Amino acid sequence: MRRIHVGNALSAFGLGFTVPYLYVYVAQVRGLGAVTAGMVLAVFAVAALIVLPFAGRAIVRRGPLPVLLAALVTAAIGALSLGLSGSAVSVLLSAAALGAGQAVMQPALATMIVDCSSSGTRSRAFAMQFFLQNLGLGIGGLIGGHLVDASRASSFTLLFTLEAAIFLLLVVVMATVRMPHSPRVEDAPQSAKGSWKQLLGNRAMVQLCVLGFVLFFACYGQFESGLSAYGVEAAGISTSALGTALAANTLMIVVAQFAVLRFVERRKRSRVIASVGLIWAVAWAVAGYAGLGDGSQEMATAAFVSTYALFGLGEAMLSPTLAPLVADLAPTGMAGQYNSAFALVKQLALAVGPAVGGPLGASLHAPYIVVFLLFSLGITVLALRLGRQLTEAQDHPSAARSRVVAQGGAPKGHAPAHV
């Protein structure tokens with residue numbers, strides 16, 4: 001598990017190292033223009049959407065570790081070639097390799113966490129994963145920003161070369177992992193063979209995917225598009241204040257992640273997600289005050305920063321909730337398929353979110369706030385409906401474990417018959 005967490009941190013570090021500077025690199029440093037730079041960012045999303053449906057089945061058939069190693073090598077090749085590319089075609093092909101590799105890392109690492117944890121330790125393991133991912137992204141972006149110089153293409157080549165080296169180092173680290181077999185919650189519907197048809201027949205998983213799409217669309221899909229555009233255009237937020245808001249989001253996650261973990265573990269997962277919807281509704285209301293209220297510029301800036309901090313609190317509550325729930329809904333041996341399906345839903349939301357939120361946040365300020373406030377309340381409704389589809393072991397695993405202990409559990413050295 002320690003090696004897996006190192007993998008999460010390093011993969012996030014590599015992502016934060018280069019992605020924030022892709023647009024500048026392609027459009028200005030290589031002189032390929034804004035259109036090509038926009039296409040590169042789109043290729044990242046498209047590559048992920050193409051490979052993720054196949055990644056799930058590969059993880060089920062081959063195991064998560066070989067798939068992760070292949071993804072790391074692919075990402076390393078993409079990063080290195082991107083740093084050496086000078087034409088539009090080579091840049092786009094390199095971005096496709098880098099995007100595909102990074103997309104497959106997520107479900108592979110998540111499945112390894114599932115296989116190396118039990119239902120009792122899974123929430124804490126995924127909370128640690130989310131904590132390290134945010135830490136890696138922040139540190140990677142900070143170091144990368146100090147290394148690059150828009151006047152020197154060689155500084156970007158160095159950046160992408162270092163990213164490739166990080167991925168290859170991770171190959172060496174992860175190759176030493178020996179995957180154990182751990183018991184998991186077995187109350188999810190069972191099937192002999194994993195397939196998309198069988199997954200779509202799992203009503204609870206389908207509802208969770210719909211809920212996940214709304215979650216990612218209404219939050220992550222707005223961070224660097226609609227919400228930032230709204231802040232600049234409606235609230236008059238400066239670029240430095242926007243950076244402060246993003247830092248407040250990361251800081252809230254780092255500070256609150258383990259503080260909220262004990263609270264989250266003792267509550268029903270569906271109700272935790274429902275409460276996140278309410279917190280985000282408050283966040284959108286605060287953002288509305290920042291851009292539409294009559295307060296001073298200082299008040300508007302403080303409200304806007306608070307919006308990002310509230311989003312961070314919700315994210316900290318979701319990290320030990322969503323991923324373990326996906327794992328507990330998966331039949332035995334199908335965690336890779338279910339993790340890939342949920343990652344695919346996330347990528348779709350992240351592709352659609354900026355396309356819808358960007359223009360709306362920049363021009364239609366009041367409708368933008370109202371629409372996403374309603375989306376947040378919709379999260380609460382969808383989460384409560386999902387709770388009716390879950391067994392007690394899936395929705396409230398700590399209570400299920402407590403009941404087993406109260407009933408005497410199982411003889412020492414034997415697994416309990418009912419988790």
Side-chain angles (χ1 to χ4, degrees), residues 19-20 23-24 27 34-35 37-38 41-42 45 210-253 273-318 346-383:
V19 169
Y23 186 90
V24 173
V35 174
L41 297 176
V210 172
L211 173 59
F213 180 88
V214 177
L215 280 164
F216 294 119
F217 176 79
C219 176
Y220 299 90
Q222 304 307 312
F223 271 1
E224 296 175 2
S225 58
L227 191 54
S228 58
Y230 168 84
V232 172
E233 298 294 339
I237 302 299
S238 65
T239 53
S240 61
L242 185 59
T244 302
L246 289 167
N249 175 264
T250 303
L251 181 63
M252 174 62 80
I253 292 170
I273 301 171
S275 65
V276 170
L278 295 177
I279 291 171
W280 285 357
V282 173
W284 284 109
V286 173
Y289 169 78
L292 307 173
D294 296 328
S296 64
Q297 186 59 49
E298 291 75 16
M299 291 286 288
T301 300
F304 194 74
V305 172
S306 299
T307 298
Y308 274 79
L310 286 170
F311 276 121
L313 177 60
E315 292 174 74
M317 296 171 66
L318 286 176
K346 179 179 179 180
Q347 287 295 330
L348 281 169
L350 293 180
V352 175
V356 174
L360 198 61
S363 56
L364 301 173
H365 304 143
Y368 177 71
I369 293 298
V370 171
V371 165
F372 283 95
L373 193 152
L374 293 176
F375 264 109
S376 298
L377 294 176
I379 290 170
T380 300
V381 174
L382 290 171

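From a predicted model like this one, the values you see are computed outputs, not experimental measurements.
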Is Thr250 close to Tyr308 at the side-chain level, that is, under 4.5 Å between some pair of heavy atoms? no
Residues passing the side chain to side chain contact (heavy atoms under 4.5 Å, CB included) test with Leu251, sequence neighbours excluded, are Val255
CG of Leu360 to CD1 of Ile369, rounded to nearest 0.5 Å, is 9.5 Å
Those residues at least two apart in sequence (or on a different chain) that pass side chain to side chain contact (heavy atoms under 4.5 Å, CB included) with Val282 are Val286, Leu310
In short, Gly236 meets Gln297 closest at the heavy-atom pair O-NE2, 3.2 Å
Scanning both residues in full, the closest heavy-atom pair of Ala248 with Val305 reads CB-CG1, 3.7 Å
So CG of Leu318 and CD1 of Ile253: to nearest 0.5 Å the spacing works out to 10.0 Å
- Query: Are Leu373 and Trp280 close enough, and set up right, to give a side-chain contact (heavy atoms from CB on, under 4.5 Å), and what steps lead you there?
  - Reply: CA-CA 8 Å; Leu373 193 152; Trp280 285 357; over 6 Å; no
Contacts of Phe375 meeting side chain to side chain contact (heavy atoms under 4.5 Å, CB included) (sequence neighbours excluded), chain-then-number -> Val214, Phe217, Ala218, Val371, Phe372
Interatomic distance, OG@Ser376 vs CZ@Phe311, rounded to 0.5 Å, equals 6.0 Å
Interatomic distance, CZ@Phe213 vs CG@Leu350, rounded to 0.5 Å, equals 9.5 Å
Output for pair (Glu315 CD, Leu215 CG), nearest 0.5 Å, gives 10.5 Å
Output for pair (Ile279 CD1, Cys219 SG), nearest 0.5 Å, gives 11.5 Å
Checklist line | Heavy-atom check, side chain of Gln347 versus side chain of Phe216, under 4.5 Å | finding: no
Closest non-hydrogen contact found for Ala303 with Tyr289 is CB-CD2, 3.8 Å
For Ala274 and Thr380 the tightest heavy-atom approach is O-OG1, 2.8 Å
* Just wondering, do Ile379 and Leu278 contact through their side chains at under 4.5 Å, heavy atoms? -> no
Of all heavy-atom pairs linking Met252 and Ala309, the shortest is CG-O, 3.2 Å
Compute the ring centroids of Tyr368 and Trp284, then answer whether they are less than 6.0 Å apart. yes
Q | Donor-acceptor pair, side chain of Tyr230 and main chain of Ala287, under 3.5 angstrom | A | yes
